Amino acid sequence: MTDDPGIAARALACVADLLGCMAGREGGLRSGPAANKDWTPAYLLLEKGNVMLGVKLLAEERERWLSRPAMLIRAARHYEGAEQILIRRAVMSSFKFVSISEKELPPQGQWVTAECPARIDMSGGWSDTPPITYEHGGAVVNVAVLVDGQRPMGARARRIPEPLLRLSSKSGPPGAEFHTNLTCRSLADLQDYCQPQAPGALLKAAFICTKTVNLTCEKMLSEQLAGKYGGGFELQTWSNLPHGSGLGTSSILAGAVMVVLYEASGRSVDAESLIHAVLHLEQVLTTGGGWQDQVGGLIPGVKIGRSAPELPLHVTIECLQLPDGFLETLNQHLLLVYTGKTRLARNLLQDVLRNWYARLPDILQNVDALVNNAELCAESFQKGKTVHYTRYV
């Protein structure tokens with residue numbers, strides 16, 4: 001038995017595979033909901049970091065789900081749900097690399113604004129995805145890009161006299177925008193911050209993860225805001241890109257939100273800290289995901305991000321120096337085409353994780369190649385070799 005969340009997650013994945021094999025071709029699809037309340041006590045222990053007791057409760061509950069194929073498949077789903085909890089906890093170790101500095105509060109009413117480019121992945125994508133990134137190690141080359149000459153997403157925040165949180169977001173291309181407006185007057189209004197589909201979940205999670213607001217504090221929200229900041233906050237976000245564009249929108253936007261909240265609340269973070277802060281936020285939000293999107297959009301130019309096969313997960317970034325004139329050559333070889341079809345990585349992730357945990361030879365070779373190709377790609381950029389790349393969105 002181990003308390004290491006990375007090792008424990010792989011063990012749970014193996015149990016899920018065994019349960020799936022025991023069901024044979026019957027019982028339905030492996031992918032599906034894992035929300036039966038009988039598994040909740042074990043899940044809660046895992047969320048709190050009590051891995052040994054949580055795994056013990058999983059095993060005890062499993063014994064009641066072995067009678068027929070449909071039950072076996074549902075048990076397998078719940079083991080995969082437990083695996084995801086432990087992966088999130090492993091990735092949250094990256095918060096160790098977040099360093100925050102105190103500074104003077106900006107005046108009430110003064111906007112703090114961050115506008116961000118999108119990103120394109122040139123080589124190595126998926127090697128940044130947990131658990132691959134901390135078990136094998138990852139490397140990704142990507143480029144920050146303007147869309148139609150503009151930074152297509154951003155956030156701004158300001159302090160306001162009223163002790164509340166006023167949140168608004170706009171998403172989607174011009175003419176097809178979707179607007180959300182919320183006012184949070186109590187801590188209860190923030191409780192759904194970890195439900196990605198809840199209105200304003202990203203913005204709420206940012207207030208929690210930046211510790212601008214403390215959900216476990218005995219003081220009411222209005223008391224916290226008035227006592228610490230002399231009032232509340234207004235936070236606005238926007239993205240002009242279509243949902244599921246594959247250009248890293250959600251992670252980059254999370255970085256923009258966090259940096260303006262830090263600044264508006266009298267704190268600051270450097271770029272490396274912000275990369276790891278977004279990793280942490282996305283685990284709290286339960287959307288998971290890797291680190292390449294925020295590296296690509298929050299760090300300018302062409303760069304390679306790397307992670308070693310270890311925990312805590314630490315991402316390092318090397319900005320690549322291009323030969324004179326090569327940036328213009330690169331721009332001439334980039335084409336962005338909008339197809340109207342969304343790309344949702346979550347639909348692909350579960351199969352990738354199953355294959356990875358099974359240590360199938362094909363995926364092991366593929367991940368090795370991803371990392372090696374990223375290093376070769378970085379060398380090509382530094383030597384000024386032309387890269388032919390078409391991105392269909």
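If you read the sequence from its start, that first residue is 1, and numbering goes on from there. The shown structure was predicted, so the numbers you read here are calculated from the model rather than taken from an experiment.
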Is any side-chain heavy atom of [Y] closer than 4.5 Å to one of [X]?
| X | Y | result |
| --- | --- | --- |
| N181 | S168 | yes |
| W291 | P130 | no |
| E282 | S251 | yes |
| Q224 | C217 | yes |
| R159 | F233 | yes |
| L241 | M153 | yes |
| L247 | D293 | no |
| H136 | P309 | no |

Looking only at heavy atoms, which two atoms of [X] and [Y] are closest? And how far apart?
| X | Y | result |
| --- | --- | --- |
| A118 | V147 | CB-CG2, 4.2 Å |
| C116 | R151 | O-CB, 3.3 Å |
| G301 | K303 | O-NZ, 2.8 Å |
| A374 | V141 | O-CG2, 3.2 Å |
| A201 | P196 | CB-O, 4.0 Å |
| L370 | S127 | CD1-N, 4.3 Å |

Would you say [Y] ends up clustered with [X] if hydrophobic residues are merged whenever their side chains have heavy atoms under 4.5 Å apart, either directly or through other cluster members?
| X | Y | value |
| --- | --- | --- |
| V278 | I299 | yes |
| I132 | V371 | no |
| I252 | L334 | yes |
| I100 | L281 | yes |
| V15 | L53 | no |

Please answer whether the main-chain N or O of [Y] pairs with a side-chain N or O of [X] as donor and acceptor at a distance below 3.5 Å.
| X | Y | answer |
| --- | --- | --- |
| S265 | L261 | yes |
| T329 | G325 | yes |
| N366 | D362 | no |
| H280 | H276 | no |
| K219 | G227 | no |

Ionic contact status for [Y] with [X], cut-off 4.0 Å:
| X | Y | value |
| --- | --- | --- |
| R156 | E234 | no |
| E135 | R359 | yes |
| E60 | R64 | no |
| D38 | R74 | no |
| R68 | E26 | no |

Under a 3.5 Å threshold, yes or no: a donor from one side chain and an acceptor from the other, between [X] and [Y]?
| X | Y | answer |
| --- | --- | --- |
| S273 | S99 | no |
| S171 | E177 | no |
| S169 | W238 | no |
| Q292 | R119 | yes |
| S31 | R77 | no |
| R158 | Q110 | no |

From [atom1] ([X]) to [atom2] ([Y]), nearest 0.5 Å:
| X | Y | atom1 | atom2 | value |
| --- | --- | --- | --- | --- |
| T210 | R267 | OG1 | CZ | 5.0 Å |
| L58 | L46 | CG | CG | 5.5 Å |
| L190 | N214 | CG | CG | 11.0 Å |
| L322 | K383 | CG | NZ | 14.0 Å |
| D192 | C194 | CG | SG | 8.0 Å |
| F381 | L376 | CZ | CG | 13.0 Å |

TODO: Check the pair L72, L66 against side-chain contact (heavy atoms from CB on, under 4.5 Å), reporting the backbone distance first and the verdict last.
DONE: CA-CA 5 Å; L72 286 163; L66 304 179; 3.5 Å; yes

Open item on the list: Looking at Q150, I want to see if its CD is surrounded by more than 12 non-hydrogen atoms of other residues, nucleotides or ligands under 6.0 Å.
Closed with: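 It does not: Q150 CD has 12 such atoms or fewer within range.
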
TODO: Kindly check if the number of other-residue, nucleotide or ligand heavy atoms within 6.0 Å of CG (D324) is above 12?
DONE: no

Side-chain donor-acceptor pairs of residues 311-319 under 3.5 Å, sequence neighbours excluded:
| residue | atom | partner | partner atom | Å |
| --- | --- | --- | --- | --- |
| H314 | NE2 | E272 | OE2 | 2.9 |
| E318 | OE1 | R306 | NH1 | 3.0 |
| E318 | OE1 | R306 | NH2 | 3.2 |

Task: Verdict with reasoning, I73 to L19, per side-chain contact (heavy atoms from CB on, under 4.5 Å) - done: CA-CA 7 Å; I73 288 295; L19 291 168; over 6 Å; no

- [ ] List for me each residue that meets ring pair (Phe, Tyr, Trp, His ring centres under 6.0 Å) alongside Y193, sequence neighbours excluded, and say none if there are none.
- [x]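 Counting only residues at least two positions away or on another chain, Y193 forms no ring pair (Phe, Tyr, Trp, His ring centres under 6.0 Å).
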
Open item on the list: Taking ring pair (Phe, Tyr, Trp, His ring centres under 6.0 Å) as the cut-off, I'd like each qualifying pair that reaches into residues 43-73, sequence neighbours left out, listed once.
Closed with: W39-W65, W65-H78

Task: Cation-pi, W356 ring and R354 (6.0 angstrom, 45 degrees) - done: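 Judged by the rule (NZ or CZ under 6.0 Å from the ring centre, within 45° of its axis), R354 is not positioned above W356.
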
- [ ] Apply salt bridge (Lys or Arg N to Asp or Glu O under 4.0 Å) to the pair E80 and R30, showing each step before the final yes or no.
- [x] CA-CA 9 Å; E80 288 188 335; R30 277 280 298 276; 2.5 Å; yes

- [ ] Start with the C-alpha distance between K204 and L165, add both sets of side-chain angles, then the distance that settles side-chain contact (heavy atoms from CB on, under 4.5 Å), and finish with yes or no.
- [x] CA-CA 9 Å; K204 295 175 183 179; L165 306 177; over 6 Å; no

TODO: Could you give me the CA-CA distance, side-chain angles and deciding distance for K103 and E263, then say whether salt bridge (Lys or Arg N to Asp or Glu O under 4.0 Å) is met?
DONE: CA-CA 8 Å; K103 59 188 295 186; E263 292 287 334; 2.6 Å; yes

Open item on the list: Using side-chain contact (heavy atoms from CB on, under 4.5 Å), reason through L221 and L164 one step at a time and then give a plain yes or no.
Closed with: CA-CA 7 Å; L221 176 62; L164 51 80; 5.7 Å; no

